[in-house]
Every structure is written in structure tokens, then in C-alpha cells.
Amino acid sequence: MTTATIITEAQIFEWTEQLCEALAENYKRFHYRAMTQDPTFADSAYGKKQIKEMDEGTAKLMKFRIQPGKKYLKIIQQEFDTYNDRNEWRDGSVHAFIDKQTGEIYKPAGWRAPAKHVRYDLRDQKSRDFVLNPDNCTWAGGWLYMR
């Protein structure tokens, strides 16, 4: 006899939070490599400041937030805006949509709606393990393209 596991909206939201953390970690690794391996940055005052802030955990790097909607959880990329001394987090673009009921992940078609085809499913353990690994889910969204 098999028992079906019931997945709740709260569990899907928790996995979505973990995905946001994995995306931010992926960006942090990308940015750190860029600052340390490119001599243009590594030897500059900007690069040294960025490396120091990343090492100290004070760098204001790209982050991702969740905006709940009627049907989907929208993952939005945010950047820290220092233009004209604003010093605030500003929404950039939609990174992904996640169905609140099913945990299915979609690439965005635009700001308001997902593309048609499911890319990953958080209910599936193998798919979830892949998605929540910062080495697989890239901040730039390449992992959401169909293969």
C-alpha cells in the first residue's frame, strides 16, 4: 500500500525561499570569481572593496524576493540602488513563477505571466534537489530554458 504525500502551500513557499537563497548564493559565487580572477577588478579599489565586503558578509549583492499572487509565487530579482544616493533595494526583473498549488516552476514570459511549459517541479525530489543546488540554478536564469 502506498501513501500519497500531501504538499501544502506552506511547503511550496518554504522551498521557494530556499530557491531564492540558492539563487543569491549562485550570484555571490559568480561575483566573487569575477572580482578575484579578473585582474582589472582584482587590482582596482572597487574590486578590493567588493572582495572585502563579501568576505565580511556586508556586500549588498543581488538578492531575490517572493511576491505572492493569486495563482503563482513570483520570484523577483533585486539590486541595491545607490544612484543619486537612493541606497535602497530596487526590483529588477521576474526570475521565475512557481505555482502555489503544485510547486511547478515556470520561466517568465513577462512581468505578469509565466511561459507555457513547466520547467521543474518542486514536488519531485530529484527535480527539487537539482533546483535548490546553487551550482545548478543560475542567477541569470539559464536553467529555466527548455532542453
Side-chain angles (χ1 to χ4, degrees), residues 2-44 46-82 88-147:
T2 58
T3 58
T5 304
I6 297 173
I7 305 296
T8 64
E9 281 189 39
Q11 184 64 57
I12 291 171
F13 192 87
E14 183 180 324
W15 289 330
T16 304
E17 287 177 323
Q18 292 172 6
L19 175 56
C20 288
E21 291 168 10
L23 291 165
E25 177 62 26
N26 179 270
Y27 180 76
K28 179 181 175 183
R29 292 176 186 180
F30 164 81
H31 192 67
Y32 195 85
R33 278 191 311 272
M35 292 296 115
T36 57
Q37 294 178 1
D38 185 340
T40 305
F41 289 118
D43 296 335
S44 70
Y46 171 78
K48 290 175 183 175
K49 179 180 179 232
Q50 285 285 299
I51 293 167
K52 181 181 179 211
E53 288 176 353
M54 283 187 280
D55 289 342
E56 294 172 349
T58 59
K60 290 185 169 57
L61 301 175
M62 186 181 299
K63 68 179 185 176
F64 298 82
R65 73 174 182 89
I66 302 168
Q67 180 177 318
K70 289 180 185 175
K71 184 174 180 179
Y72 298 103
L73 298 172
K74 187 187 302 186
I75 297 178
I76 300 173
Q77 174 185 324
Q78 291 189 301
E79 297 180 32
F80 195 73
D81 186 5
T82 58
E88 63 188 4
W89 289 99
R90 186 173 45 101
D91 289 348
S93 60
V94 177
H95 184 82
F97 286 91
I98 299 177
D99 189 305
K100 290 165 52 171
Q101 300 292 316
T102 66
E104 295 170 330
I105 301 174
Y106 297 86
K107 179 183 180 298
W111 186 260
R112 295 184 183 185
K116 288 186 179 186
H117 303 288
V118 174
R119 308 310 163 107
Y120 294 94
D121 190 339
L122 291 173
R123 296 170 297 182
D124 176 55
Q125 183 70 45
K126 185 177 178 183
S127 180
R128 186 170 60 245
D129 289 344
F130 177 85
V131 166
L132 298 181
N133 182 336
D135 293 330
N136 299 331
C137 62
T138 59
W139 65 273
W143 64 285
L144 291 168
Y145 283 88
M146 294 184 79
R147 292 169 286 228

N/O donor to acceptor pairs below 3.5 angstrom from side-chain atoms of residues 62-76, sequence neighbours left out:
{"residue": "Arg65", "atom": "NE", "partner": "Asp91", "partner atom": "OD1", "Å": "3.0"}
{"residue": "Arg65", "atom": "NH2", "partner": "Gln67", "partner atom": "OE1", "Å": "3.2"}
{"residue": "Arg65", "atom": "NH2", "partner": "Asp91", "partner atom": "OD2", "Å": "2.7"}
{"residue": "Lys74", "atom": "NZ", "partner": "Trp111", "partner atom": "O", "Å": "3.0"}

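- Residues satisfying the ring pair (Phe, Tyr, Trp, His ring centres under 6.0 Å) test with Phe13, not counting sequence neighbours, are none.
- Residues Leu144 and Arg119 share a closest heavy-atom pair of O-NH1, 2.7 Å.
- For Thr82, there are no side-chain hydrogen bond (donor to acceptor under 3.5 Å, both in side chains) partners two or more places apart in sequence or in a different chain.
- More than 12 heavy atoms of other residues, nucleotides or ligands sit less than 6.0 Å from atom NZ of Lys100.
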Donor-acceptor contacts, no H, no angles, side chain residues 19-27, under 3.5 Å, sequence neighbours left out:
{"residue": "Glu25", "atom": "OE2", "partner": "Arg29", "partner atom": "NE", "Å": "3.1"}
{"residue": "Asn26", "atom": "OD1", "partner": "Trp139", "partner atom": "N", "Å": "3.0"}
{"residue": "Asn26", "atom": "ND2", "partner": "Pro134", "partner atom": "O", "Å": "2.6"}

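- Going from atom CG of Asp99 over to atom CD1 of Ile12 covers 7.0 Å, rounded to the nearest 0.5 Å.
- For Phe130, the ring pair (Phe, Tyr, Trp, His ring centres under 6.0 Å) test picks out Tyr120, with sequence neighbours left out.
- Shown here are the salt bridge (Lys or Arg N to Asp or Glu O under 4.0 Å) partners of Lys48, two or more places apart in sequence or in another chain: there are none.
- For the residue pair Tyr145 and Gly141, the shortest heavy atom distance occurs at CD1-O, 3.8 Å.
- Nearest approach of Val118 to Tyr106, heavy atoms of both residues: CG2-OH, 3.4 Å.
- From Trp89, atom CH2 reaches atom NZ of Lys60 across 7.5 Å, with rounding to the nearest 0.5 Å.
- Residues passing the salt bridge (Lys or Arg N to Asp or Glu O under 4.0 Å) test with Glu56 are Lys52, sequence neighbours excluded.
- By the side-chain hydrogen bond (donor to acceptor under 3.5 Å, both in side chains) test, Glu17 is found to be paired with no residue, residues two or more places apart in sequence or in another chain being considered.
- In this structure, His117 NE2 and Met146 CE are separated by 5.0 Å, a value rounded to the nearest 0.5 Å.
- Between Glu104 and Arg123 a salt bridge is recorded (basic side-chain N to carboxylate O distance below 4.0 Å).
- In terms of the salt bridge (Lys or Arg N to Asp or Glu O under 4.0 Å) criterion, residue partners of Arg90 (sequence neighbours excluded) are, by chain and number, Asp81.
- Rounding to the nearest 0.5 Å places OG of Ser127 at 10.5 Å from CG of Asn136.
- Remark: Gln11 engages no residue in a side-chain hydrogen bond (donor to acceptor under 3.5 Å, both in side chains) (not counting sequence neighbours).
- Listed by first then second residue, pairs satisfying salt bridge (Lys or Arg N to Asp or Glu O under 4.0 Å) with a partner in residues 105-115 number zero, not counting sequence neighbours.
- For Arg128, the side-chain hydrogen bond (donor to acceptor under 3.5 Å, both in side chains) partners are Gln125, not counting sequence neighbours.
- Scanning both residues, Pro108 and Ala96, for their nearest heavy atoms gives CD-CA, 4.0 Å.
- His95 contributes atom NE2, which lies 12.0 Å from atom CZ of Phe97 (distance to the nearest 0.5 angstrom).
- Interatomic distance, CD1 of Ile7 versus OG1 of Thr102, reported as 11.0 Å (0.5 Å rounding).
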